[in-house]
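Inspection log for the structure reproduced underneath, given as structure tokens.
Counting starts at 1 for both ligands and their atoms, in listed order.
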Amino acid sequence: MISEKTSMKLSELRKQDKIAVLFVCLGNICRSPAAEGVFKEIIKDHHDEKRWVIDSAGTGGFHVGDLPDRRMRVHASRRGLTLDHICRKIKYSDFDDFDLIVAMDSSNEEDLKDIAPTAEAEEKIVMMSEFFTLATRFDYVPDPYYEGAEGFELVLDLLQDACATLYRELSV
Ligand code: 4NP
């Protein structure tokens with residue numbers, strides 16, 4: 001459910017001509033590049049690409065320079081999504097360059113709060129789960145890295161739901 005605080009933030013962003021959204025997870029090879037791919041597909045379908053800057057990053061740096069995890073790319077491709085993001089670590093300037101920084105789980109959210117350079121920067125952090133509308137047991141996007149196929153499918157189900165909501169909420 002979208003909090004009052006996030007709702008006010010979205011109302012402000014909706015007035016902007018251009019909106020920059022950064023999706024963040026731990027490794028930037030599973031959840032956040034998938035979120036980036038899902039959101040980019042939505043804006044492409046709506047012929048609305050010019051309004052958006054969409055990217056992803058990780059709080060950890062173990063896979064910098066890599067393509068998304070092969071398993072995530074395979075599951076995404078079955079839904080018509082090509083994930084071609086090159087893994088990178090979050091940097092301070094991201095808090096200037098992006099309007100909204102979307103964390104996949106509470107650990108990502110805590111890490112982001114720790115590195116946010118200013119209070120204003122910290123205000124940009126929201127949880128992806130705020131945009132879930134599916135009936136789900138989850139209030140975060142679970143890390144699929146040590147899971148099997150169902151973990152990856154679950155992530156994609158949650159992300160397709162949440163990204164559709166986020167797009168709708170930010171569209172005029
Ligand atoms: P992600 O998944 O945060 O969704 O990209 C992970 C990928 C790699 C690792 C952990 C989580 N890792 O420990 O290497």
Side-chain angles (χ1 to χ4, degrees), residues 1-2 6 20-44 52-95 97-117 121-122 124-167 170:
M1 211 178 70
I2 299 172
T6 299
V21 181
L22 182 70
F23 296 104
V24 176
C25 61
L26 172 61
N28 191 217
I29 54 167
C30 295
R31 293 165 292 174
S32 62
E36 176 190 334
V38 167
F39 202 91
K40 282 180 169 169
E41 186 71 8
I42 292 171
I43 59 179
K44 192 171 151 207
W52 303 86
V53 174
I54 303 298
D55 196 5
S56 65
T59 56
F62 350 98
H63 298 280
V64 169
D66 294 352
L67 276 170
D69 185 285
R70 189 178 157 71
R71 296 163 296 171
M72 185 51 94
R73 282 188 282 133
V74 167
H75 285 277
S77 76
R78 293 178 189 158
R79 300 185 189 214
L81 301 167
T82 303
L83 305 183
D84 56 5
H85 175 78
I86 300 297
C87 176
R88 73 172 182 89
K89 197 173 173 185
I90 183 111
K91 49 186 195 270
Y92 288 118
S93 59
D94 288 328
F95 288 92
D97 296 343
F98 291 89
D99 301 302
L100 205 58
I101 300 184
V102 186
M104 297 297 135
D105 64 30
S106 52
S107 157
N108 309 147
E109 185 190 33
E110 287 309 311
D111 289 345
L112 284 167
K113 282 183 178 170
D114 284 347
I115 56 175
E122 195 173 321
K124 296 181 175 185
I125 303 165
V126 298
M127 284 283 281
M128 189 57 136
S129 56
E130 291 197 59
F131 308 106
F132 290 174
T133 64
L134 289 175
T136 173
R137 306 182 271 130
F138 292 93
D139 57 6
Y140 58 95
V141 182
D143 186 350
Y145 193 63
Y146 297 105
E147 305 294 330
E150 65 187 331
F152 288 87
E153 288 297 318
L154 169 64
V155 166
L156 288 166
D157 287 344
L158 294 173
L159 293 178
Q160 286 186 317
D161 176 47
C163 285
T165 312
L166 179 59
Y167 178 75
L170 286 173

For atom 9 (C) of ligand 1, what's the nearest protein heavy-atom neighbour? Residue, atom name and distance, please.
Y145 CD2, 3.7 Å
Give me the nearest non-hydrogen protein atom to atom 4 (O) of ligand 1 as residue plus atom name, then the distance to 0.1 Å.
R31 NE, 2.8 Å
Is ligand 1 under 4.0 Å from a heavy atom in the side chain of [X], in the backbone, in both, or in neither?
X	value
N28	backbone
D143	side chain
M104	neither

Give the C-alpha distance, both sets of side-chain angles, the deciding distance and a yes or no for salt bridge (charged side-chain N to carboxylate O under 4.0 Å, His left out) between D97 and K124.
CA-CA 11 Å; D97 296 343; K124 296 181 175 185; over 6 Å; no
What about [X]: any of its N or O atoms under 3.5 Å from an N or O on ligand 1?
X	value
C25	no
S32	no
F62	no
P144	no

Suppose I only count heavy atoms of H63 and a 4.0 Å limit; which atoms of ligand 1 are within that range?
8 (C), 12 (N), 14 (O)
Going by the atom numbers of ligand 1, which of them fall below 4.0 Å from some non-hydrogen atom of C30?
1 (P), 2 (O), 4 (O), 5 (O)
Hydrogens and angles aside, do [X] and [Y] bring a side-chain donor and acceptor to less than 3.5 Å of each other?
X	Y	value
N108	D105	yes
T133	D161	yes
H63	D69	no

Within 45° of the axis and under 6.0 Å from the centre of the six-membered ring of Y145, does NZ or CZ of R71 qualify?
yes
How about F138: does its CZ atom have over 12 heavy atoms from other parts shown lying under 6.0 Å from it?
yes
Over 60° means perpendicular and under 30° means parallel, so tell me whether W52 and F39 are parallel, tilted or perpendicular.
perpendicular
Should D94 and R88 count as an ion pair when the cut-off is N to O under 4.0 Å?
yes
